[in-house]
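First the proteins, then the strands, lettered A, B, ... as listed; each starts at 1. Just the heavy atoms: all of them, side chains too, but no hydrogens, waters or symmetry mates, feed the values below.
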Protein chains: 2
Amino acid sequence: MNLKQLAKELNLSISAVSKALRDSHEISAATKATVIAKAKELNYQVNPFASSLRKQKSKTIAVVVPEIANNFFSLAINGIESIAQERGYHVLIYLTHEDFQKEIAITKLLQNGRVDGILMSLSSQTANILHLEEIKEKQIPLVLFDRVAESIDCPKVNADDYKSALKATEHLIENGCRNIAFLSISNYLSISNKRMKGYVDALRSNGLKSENSMIIECSNHEENNKSLIKKLLKSKHRPDAIFASVEKLALNVYDVCKELKVNIPKDLKVIGFSNLQTATFLNPSLTTITQPAYEMGREATSILFKIIEKRGYNMILEKTTLKSEIIIRESTLAVSKK
Amino acid sequence: MNLKQLAKELNLSISAVSKALRDSHEISAATKATVIAKAKELNYQVNPFASSLRKQKSKTIAVVVPEIANNFFSLAINGIESIAQERGYHVLIYLTHEDFQKEIAITKLLQNGRVDGILMSLSSQTANILHLEEIKEKQIPLVLFDRVAESIDCPKVNADDYKSALKATEHLIENGCRNIAFLSISNYLSISNKRMKGYVDALRSNGLKSENSMIIECSNHEENNKSLIKKLLKSKHRPDAIFASVEKLALNVYDVCKELKVNIPKDLKVIGFSNLQTATFLNPSLTTITQPAYEMGREATSILFKIIEKRGYNMILEKTTLKSEIIIRESTLAVSKK
DNA sequence: CTGAAAGCGCTTACAG
DNA sequence: CTGAAAGCGCTTACAG
């Protein structure tokens with residue numbers, strides 16, 4: 001069933017039917033009513049490809065994220081989808097699996113007009129932003145969220161990572177910790193730097209010397225991370241707290257502590273950035289810095305639609321920072337050591 | 001940059017260029033080489049809408065799931081995406097949020113040729129399959145996974161829910177449980193019935209009378225579920241074990257036990273269907289029946305592509321059942337009660 | 001208020 | 001081996 005057939009049924013021209021369906025002011029109310037009724041009766045639906053080809057608009061956005069089996073990203077996608085569905089947009093999803101080359105390939109794929117805009121969170125392996133510059137050159141609206149690159153000129157949505165890392169570190173210090181190890185995953189992105197900076201500044205402003213700062217470089221290799229943590233916990237300069245910059249690392253710490261029979265929080269306090277819904281049921285329950293993932297998704301999508309719908313808006317650099325929440329649980333409880 | 005411009009640059013006809021790019025046997029190797037080189041140089045990319053319009057193929061599939069902030073579905077989507085990416089397909093994602101009306105609206109949306117096929121897991125509210133019949137009538141390839149409706153004639157991928165529920169119940173019985181409460185979420189789908197049937201059959205074959213079976217109807221309302229569980233645990237006929245048919249309910253049980261100071265596994269054993277990655281870190285660690293979510297996603301997608309690529313294959317009813325795994329942890333440990 | 005016509009950018013059957 | 005032409009199904013500027 002296409003416009004041509006529908007027009008024939010109605011004894012109208014194709015253009016009249018098309019206009020009626022798009023509620024054009026050129027068409028009388030009576031004609032519109034009959035057209036709409038007939039279209040419904042015959043279950044007519046506009047061909048999206050013909051429409052997109054003609055209008056040069058896809059009514060589709062792309063979401064490019066490192067992974068999906070991850071609480072933060074699945075919550076963010078939930079937020080993205082909620083706004084997109086409201087506005088009648090379709091959502092294409094692409095996973096980079098933390099692979100820079102895949103990320104580049106995907107951005108290339110998206111340069112042919114398939115989508116009206118792109119929401120993106122960069123992979124941890126991303127080493128430069130040439131691929132993002134290409135997107136910008138092609139004038140495709142782009143909004144980055146969470147894993148953001150400072151060096152690119154586009155709207156960004158993230159959380160107050162510096163501030164919450166600062167507060168989290170202070171929380172540890174208040175609860176008696178003096179040797180706090182920060183588990184980082186370094187990359188091109190500023191996000192991990194910001195968290196690290198918050199940690200370092202908190203040490204400094206609390207009179208802890210810089211030699212007290214322990215920054216442990218982790219990777220995406222679970223086993224390597226665990227042996228790093230194990231080594232750390234067995235060393236002479238064993239920390240009294242661990243600050244995990246990402247969720248996975250906090251769980252690795254739990255794993256190692258279970259194995260080494262290190263008691264949390266008595267022997268070691270643990271805090272981590274995490275969107276784990278079950279943090280409260282862990283043994284012991286985990287103190288987390290929880291980002292507003294759902295809201296970040298919604299916010300990023302709202303901004304993207306502003307750019308898509310008002311051309312030229314692209315030039316406005318919008319940077320939105322949402323507040324994370326520190327949820328204090330057992331893993332950082334002050335315990336009198338006997 | 002379109003074919004016309006590219007053809008002009010090359011002093012060839014549009015059709016020759018198009019054929020060269022699609023590696024047609026009608027074009028000489030030499031011409032192909034120059035065309036491909038030029039296309040690369042000028043960064044030419046085929047317009048997907050023109051191509052889809054002409055070929056009546058979208059190279060896109062839709063994934064319709066109840067929710068995404070859920071370990072099972074995010075793992076399944078991971079599997080789906082991995083196969084789709086391999087094959088060069090795009091993945092549209094739609095969430096029903098467990099709302100039958102939304103599910104219907106989405107299936108309507110997908111009838112206009114936007115996608116070459118649909119992967120779907122039904123909402124818990126889905127009350128009939130008229131919308132699925134429409135999809136079938138329109139000859140759009142459809143594969144259901146996990147939350148499947150028995151009554152529709154299409155390929156299905158699910159887990160051996162009956163068998164694993166049977167085994168799980170037997171595990172509880174072996175560990176001394178006699179009064180096992182089964183928390184179900186009933187709906188039109190057979191999935192929960194299968195799990196329930198496994199539970200009931202295990203009781204029967206172990207000589208436990210049918211009055212020992214306790215089936216508690218839960219809902220999607222967390223607070224209601226918790227008060228149901230609370231009532232149950234405070235009642236005279238307090239169970240010695242709870243079998244949660246879905247992950248959320250198991251966590252609700254943990255919540256209530258924490259509040260009522262019921263000790264798991266001493267006072268109550270808990271087992272549940274769950275894809276929780278942190279099940280092992282819970283307090284106590286949770287015994288789970290874990291579905292192969294990633295593999296189910298991959299399998300369903302492979303079948304979908306078989307149908308898309310070989311027409312007529314649609315008629316073959318493929319039903320694939322994958323094995324779940326019971327991972328025994330502390331929450332079902334036999335403990336001598338003093 | 002309605003219709004004829006051009007054109008979005010491809011692909012492919014057909015002619016040469 | 002290459003090209004001219006039709007057509008996928010729309011939308012919209014233009015004419016009436």
Side-chain angles (χ1 to χ4, degrees), chain A residues 1-36 38-39 42-60 88 90 109-116 138-140, chain B residues 1-36 38-39 42-60 88 90 109-116 138-140:
Chain A
M1 174 56 48
N2 58 23
L3 265 191
K4 201 172 165 182
Q5 292 166 52
L6 186 59
K8 207 175 200 174
E9 289 277 342
L10 285 158
N11 270 325
L12 280 170
S13 73
I14 293 175
S15 45
V17 175
S18 174
K19 284 174 194 163
L21 290 173
R22 326 203 88 250
D23 201 23
S24 159
H25 60 93
E26 292 181 51
I27 304 292
S28 71
T31 308
K32 277 180 193 170
T34 42
V35 168
I36 288 165
K38 198 70 174 179
L42 300 177
N43 197 19
Y44 168 78
Q45 286 185 281
V46 174
N47 180 306
F49 303 117
S51 179
S52 288
L53 175 60
R54 183 55 234 266
K55 296 205 279 186
Q56 306 279 27
K57 268 183 214 158
S58 66
K59 274 268 177 183
T60 304
H90 301 262
L109 217 61
L110 295 176
Q111 288 178 23
N112 59 9
R114 185 179 292 276
V115 295
D116 295 342
K138 295 240 169 180
Q139 312 252 43
I140 302 169
Chain B
M1 175 55 49
N2 56 24
L3 265 192
K4 202 172 164 185
Q5 291 166 52
L6 186 60
K8 207 176 201 175
E9 289 276 340
L10 285 157
N11 270 326
L12 281 169
S13 72
I14 294 176
S15 44
V17 176
S18 174
K19 284 174 194 162
L21 290 172
R22 328 204 88 249
D23 202 23
S24 159
H25 60 94
E26 291 182 52
I27 304 290
S28 71
T31 307
K32 276 181 194 170
T34 43
V35 168
I36 288 165
K38 199 69 174 176
L42 299 178
N43 197 18
Y44 168 77
Q45 285 186 282
V46 175
N47 179 307
F49 302 118
S51 180
S52 288
L53 176 60
R54 182 57 232 266
K55 295 206 279 187
Q56 306 279 26
K57 268 184 213 157
S58 66
K59 274 269 177 182
T60 304
H90 300 263
L109 217 61
L110 295 176
Q111 289 178 24
N112 60 8
R114 184 179 293 276
V115 295
D116 294 341
K138 295 241 169 179
Q139 312 251 44
I140 301 169

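Rounded to a whole Å, the CD atom of B:Q56 is 14 Å from the P atom of D:dG7. One interatomic measurement links the two molecules: NZ of B:K55 to C1' of C:dA13, which rounds to 16 Å at whole-angstrom precision. Atom NZ of A:K57 and atom C1' of D:dT12 are 13 Å apart (whole Å). Rounded to a whole Å, the NZ atom of A:K4 is 14 Å from the C1' atom of C:dA4. One atom, CG of B:L3, and another, P of D:dG7, lie 20 Å apart when rounded to the nearest Å. Whole-Å rounding puts the A:R22 CZ to D:dC10 P distance at 11 Å. In this structure, NE2 of A:H25 is placed 12 Å from C1' of D:dA13, rounded to the nearest angstrom. Rounding to whole angstrom units, CD1 of residue A:I14 and C1' of C:dC1 are separated by 18 Å.
Within the 4.0 Å cut-off from OP1 or OP2 of C:dG9, at least one side-chain nitrogen or oxygen of B:N2 is found. Distances shorter than 4.0 Å separate none of the side-chain N or O atoms of B:Q45 from OP1 or OP2 on C:dG9. Listed pair A:Y44 / D:dG9 fails the phosphate criterion, with no side-chain N or O lying under 4.0 Å from OP1 or OP2. For A:Q5 and D:dG9, the shortest distance from a side-chain N or O to OP1 or OP2 is not below 4.0 Å.
Distance alone, capped at 3.5 Å, is enough to place a donor-acceptor pair between the B:D116 side chain and the B:K59 backbone.
Within a heavy-atom distance below 4.0 Å of DNA chain C, the residues of residues 26-36 of chain A found are A:E26, A:I27, A:S28, A:T31.
When each of B:A16 and A:A16 is assigned the nucleotide of DNA chain D with its nearest heavy atom, B:A16 is the one assigned upstream, toward the 5' end.
The two atoms that bring A:F49 and A:N47 nearest to each other are N-OD1, 2.8 Å, heavy atoms only.
Among residues two or more places apart in sequence or in another chain, the side-chain hydrogen bond (donor to acceptor under 3.5 Å, both in side chains) test is passed with B:S24 by none. Taking the side-chain contact (heavy atoms from CB on, under 4.5 Å) definition, one finds that A:T60 meets it with A:S58, A:H90, A:L92, A:V115, B:L92, B:R114, sequence neighbours left out. Taking A:K32 as the reference, A:D23 meet the salt bridge (Lys or Arg N to Asp or Glu O under 4.0 Å) condition, with sequence neighbours excluded. Applying the side-chain hydrogen bond (donor to acceptor under 3.5 Å, both in side chains) test to B:Q56 and every residue at least two apart in sequence or in another chain returns nothing. Listed by chain and residue number, B:S28 satisfy the side-chain hydrogen bond (donor to acceptor under 3.5 Å, both in side chains) test with B:T31 (two or more places apart in sequence, or in another chain). B:Q5 is linked by a side-chain hydrogen bond (donor to acceptor under 3.5 Å, both in side chains) to B:N2, counting only residues two or more places apart in sequence or in another chain.
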Problem set entry | 5'-to-3' dot-bracket of DNA chain C (Watson-Crick, G-U; under 3.5 angstrom; crossing pairs as [ ]; | other strand) | |||.||||||||.|||
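A donor N or O paired with an acceptor N or O is found under 3.5 Å between the base of D:dG3 and the side-chain atoms of B:K19. On a pure distance criterion of 3.5 Å, no polar donor-acceptor pair joins the side chain of B:S13 and the base of D:dA4.
At a threshold of 4.0 angstrom between heavy atoms, the contacts of B:S18 include nucleobase atoms, whether or not backbone atoms are also involved. Residue B:L12 is classed as a sugar-phosphate contact, given heavy-atom separations below 4.0 Å to backbone atoms only. Looking at heavy-atom distances under 4.0 Å, B:S15 makes contact with a base.
Within the model, atoms CD of A:Q111 and CG of A:L109 stand 9.5 Å from one another, a figure rounded to the nearest 0.5 Å.
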Which side-chain N or O atoms in residues 10-21 of chain B pair as donor and acceptor under 3.5 Å with protein atoms at least two apart or in another chain?
| residue | atom | partner | partner atom | Å |
| --- | --- | --- | --- | --- |
| B:S13 | OG | B:S15 | OG | 3.1 |
| B:S13 | OG | B:A16 | N | 3.1 |
| B:K19 | NZ | B:E26 | OE1 | 3.3 |

